[in-house]
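Inspection log for the structure reproduced underneath, given as structure tokens.
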Amino acid sequence: MAYRKTCERLKQLLQTFSCDTAVNLAQMKGVGKIKVRNIMKAREEYGGKLITHLLQCGVGPALLSSITQDPLAAEVLNCVLYYQRLTQGSLGLKIDSVVSMDLGVINSAFVHLGSGTRVLSWSHLHLQMPRPYSPELCYREVENVLRTLPSASAYCLELQTHRRASKNHTGFLGISVHLRVLEAMLYAVAQYFNLCARGRAKKKAAVDAVISYINAQSLTPMGHQVVVPSDLAEYFFLRTKKDDLCDCLLQAIAISEWSEMNQWLGSTQPYSLAQI
């Protein structure tokens with residue numbers, strides 16, 4: 001719920017940046033004449049869609065937190081800006097459903113999260129890699145597994161940090177850079193759910209967070225209740241290895257809620273808290 005209130009404060013502040021006079025803006029704490037000049041120029045060039053261009057105007061997350069007197073303002077703006085980078089600047093893009101996958105060398109899992117933060121399907125993925133290794137057979141196996149995934153408006157992949165190109169494999173530099181961007185997302189997800197521990201401690205924290213959602217003991221950072229049907233909850237509790245299932249679910253929730261923040265703050269019309 002705290003994130004909702006923060007979004008409301010940011011929405012009001014963005015409307016002020018978009019509509020108020022230069023004189024009034026210059027009187028705001030930490031803004032000043034140079035930032036006002038940049039804001040007025042951005043308003044002429046981009047209209048009311050200022051959120052994407054705040055950093056160029058010199059208005060960063062720390063300043064927004066100071067103006068709103070809300071420490072979560074910086075986190076919300078960072079989530080929205082990161083989401084826009086992931087979606088290539090799609091300011092109004094709303095994700096209605098997401099398939100999120102946690103990919104491991106041995107164990108993999110996916111979740112299909114629909115509207116209302118409802119889990120539609122949730123399971124481990126079973127990839128039978130050919131031995132000896134054959135690129136053609138491997139491709140066919142991956143293709144067959146992917147064909148079983150449900151249709152969604154967005155797909156999100158988790159990639160582990162050890163999969164990187166070394167100096168002896170410079171031919172993979174482009175792929176490696178792309179993987180770093182995706183892996184940065186994992187760090188953002190961990191921060192979003194306050195999973196700052198590492199290794200086994202992080203896995204336990206993720207499992208504990210998901211169990212609290214299933215048992216309706218806590219809400220998501222945006223104040224939603226995660227709805228997990230009884231058969232999927234039973235599947236989860238019967239699994240010995242739960243961290244893959246937890247990672248893909250938390251990843252899906254984060255992407256869904258960042259999309260919600262992005263649409264709310266990026267819209268031209270004000271929302272009330274009841275509408276989010």
[X] vs [Y] side-chain heavy atoms within contact, under 4.5 Å:
X    : Y    : result
D243 : D102 : no
S65  : E75  : no
H224 : R118 : no
D96  : S115 : no
P150 : V99  : yes
V31  : I67  : yes
L63  : K35  : yes

- Message: Against E8, only a single residue in Q12, K5, K11 fulfils side chain to side chain donor-acceptor pair (under 3.5 Å); can you say which?
- Response: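 It is Q12; the other options fail the test.
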When rounded to the nearest 0.5 angstrom, what distance separates [atom1] in [X] from [atom2] in [Y]?
X    : Y    : atom1 : atom2 : result
L10  : L72  : CG    : CG    : 9.5 Å
D231 : W122 : CG    : CH2   : 11.5 Å
C57  : K41  : SG    : NZ    : 9.5 Å
I39  : I34  : CD1   : CD1   : 12.0 Å
M28  : F17  : CE    : CZ    : 4.5 Å
H112 : Y155 : NE2   : OH    : 7.0 Å

Considering non-hydrogen atoms only, spot the tightest contact between [X] and [Y] and give its length.
X    : Y    : result
Q225 : A216 : NE2-CB, 3.8 Å
K242 : F237 : NZ-O, 3.5 Å
A73  : T68  : CB-OG1, 3.6 Å

Whether the side chain of [X] engages the backbone of [Y] through a donor-acceptor N/O pair (distance < 3.5 Å, no angle test) should be reported.
X    : Y    : value
S256 : A252 : no
S212 : S218 : no
S259 : I95  : yes
N144 : R140 : yes

- Task: Decide yes or no on side-chain contact (heavy atoms from CB on, under 4.5 Å) for L125 and L149, but give the supporting numbers first.
- Result: CA-CA 10 Å; L125 289 170; L149 295 177; 4.0 Å; yes
- Would E257 and C79 count as a side-chain contact (heavy atoms from CB on, under 4.5 Å) if you check the C-alpha gap in whole Å, the side-chain angles of each, and the deciding distance to 0.1 Å? CA-CA 9 Å; E257 297 200 343; C79 287; over 6 Å; no
- Message: Between S100 and L113, does the side-chain contact (heavy atoms from CB on, under 4.5 Å) criterion hold? Intermediate values first, please.
- Response: CA-CA 8 Å; S100 170; L113 190 70; over 6 Å; no
Verify same cluster id: [X], [Y] (apolar side-chain graph, 4.5 Å):
X    : Y    : value
V227 : F236 : no
I214 : V226 : yes
L245 : L238 : no
V98  : L232 : yes
I253 : L120 : no

- Query: Without hydrogens or angle criteria, can the side chains of H124 and Y235 be said to hold a donor-acceptor pair below 3.5 Å?
  - Reply: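 There is such a pair between these side chains.
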- Message: Any donor-acceptor pair under 3.5 Å linking the side-chain atoms of T6 with those of D70?
- Response: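 A pair is found: one side chain offers a donor N or O, the other an acceptor, under 3.5 Å apart.
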- For R37, enumerate each residue passing the salt bridge (charged side-chain N to carboxylate O under 4.0 Å, His left out) test, keeping only those at least two apart in sequence or located in another chain.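 Partners of R37 under the salt bridge (charged side-chain N to carboxylate O under 4.0 Å, His left out) test: none.
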- Item | Q69 atom CD, neighbour heavy-atom count above 12 within 6.0 Å |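 Not more than 12 within 6.0 Å, no.
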- Message: Before you tell me yes or no, could you show the steps for T117 and Y213 under side-chain contact (heavy atoms from CB on, under 4.5 Å), namely the whole-Å CA-CA distance, both residues' side-chain angles and the distance that decides it to 0.1 Å?
- Response: CA-CA 11 Å; T117 325; Y213 289 152; over 6 Å; no
